[in-house]
Amino acid sequence: MDCTWYSTGMFSCTLKYSILSLPTHVQAARATMVLACVLSALGICTSTVGMKCTRLGGDRETKSHASVAGGVCFMSAGISGLIPTVWYTKEIIANFLDLTVPESNKHEPGGAVYIGFISAMLLFISGMIFCTSWIKKHPEAWVDPAKQQHVSTTQPEGNSAYNLKDYV
């Protein structure tokens, strides 16, 4: 709906029958919010497979890759939800401060904007948690192979002090 408040105290609303008649920033916000919902649903499914407490997904290596994929989906969903929220907030504030826009067309940020910010941050943080769980399981992936020192697992032949049969 597109509603207008007249100076007489009456207001009039007209229905918008087409999505294409909405402003560009509203169309883009809807599209990216739908993308964020799809990505978060995909992240839920993928990260469920990657959890240790589920029997889905196979061995530990497969589960860790699924956990990272779920984290990436969550972070992408957070970014996809944050972009339209910031854009829509910018449009609302710019129209509110613009002197050429009539008072009847000015809006203030509502509760949905704050929910958008909070949900985007929670999605991004949960994605970071899932991705860092993989880093904790595989710390060797972040060490430069050139700087790694090769540690020999064989014992020197003449040194009997380290022989396992000498321990009681």
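Closest non-hydrogen pair, G78 versus A120, comes out as O-CB, 3.4 Å. Contact detail for V113 and T85: the closest heavy-atom pair is O-CG2, 3.5 Å. Across all their heavy atoms, S47 and F74 have their closest contact at OG-CE1, 3.6 Å.
A distance of 13.0 Å separates OG1 of T89 from CD of E108, quoted to the nearest 0.5 Å. A distance of 10.0 Å separates NZ in K52 from OG in S64, rounded to the nearest 0.5 Å. Summarising the geometry, atom CD1 belonging to I118 is positioned 12.0 Å from atom CG belonging to L123; distances are rounded to the nearest 0.5 Å. The CZ atom of F124 sits 9.0 Å away from the OG atom of S76 when rounded to the nearest 0.5 Å.
Not counting sequence neighbours, T8 has no partner by the side-chain hydrogen bond (donor to acceptor under 3.5 Å, both in side chains) test.
Cluster membership check: I83 does not share its hydrophobic cluster with I125, using side-chain heavy-atom separations under 4.5 Å among Ile, Leu, Val, Met, Phe, Trp and Tyr. Clustering ILVMFWY residues whenever any of their side-chain heavy atoms sit less than 4.5 angstrom apart, transitively, puts I93 in a cluster other than the one holding V101.
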Let me have the donor-acceptor pairs involving side chains of residues 32-40, under 3.5 Å, with sequence neighbours excluded, atom names and distances please.
unit_1: T32; atom_1: OG1; unit_2: A28; atom_2: O; d: 3.0
unit_1: T32; atom_1: OG1; unit_2: A29; atom_2: O; d: 3.2
unit_1: S40; atom_1: OG; unit_2: A36; atom_2: O; d: 3.1
unit_1: S40; atom_1: OG; unit_2: C37; atom_2: O; d: 2.9

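The closest side-chain heavy-atom distance from C131 to M75 is below 4.5 Å. Looking at F117 and L82, their side chains come closer than 4.5 Å, going by heavy atoms from C-beta outward. Looking only at side-chain heavy atoms (C-beta outward), E91 and F96 stay at 4.5 Å or farther from each other. You'll find the side chain of V68 stays beyond 4.5 Å of the side chain of F130, heavy atoms only.
K106 places a side-chain N or O within 3.5 Å of a backbone atom of D98 that can act as its donor or acceptor partner. Proximity of a side-chain donor or acceptor of T46 to a complementary backbone N or O of G43 within less than 3.5 Å is not detected. At least one donor-acceptor pair under 3.5 Å links the side chain of T54 to the backbone N or O of T48. Listed for the K63 side chain is no donor-acceptor partner under 3.5 Å among the backbone atoms of R55.
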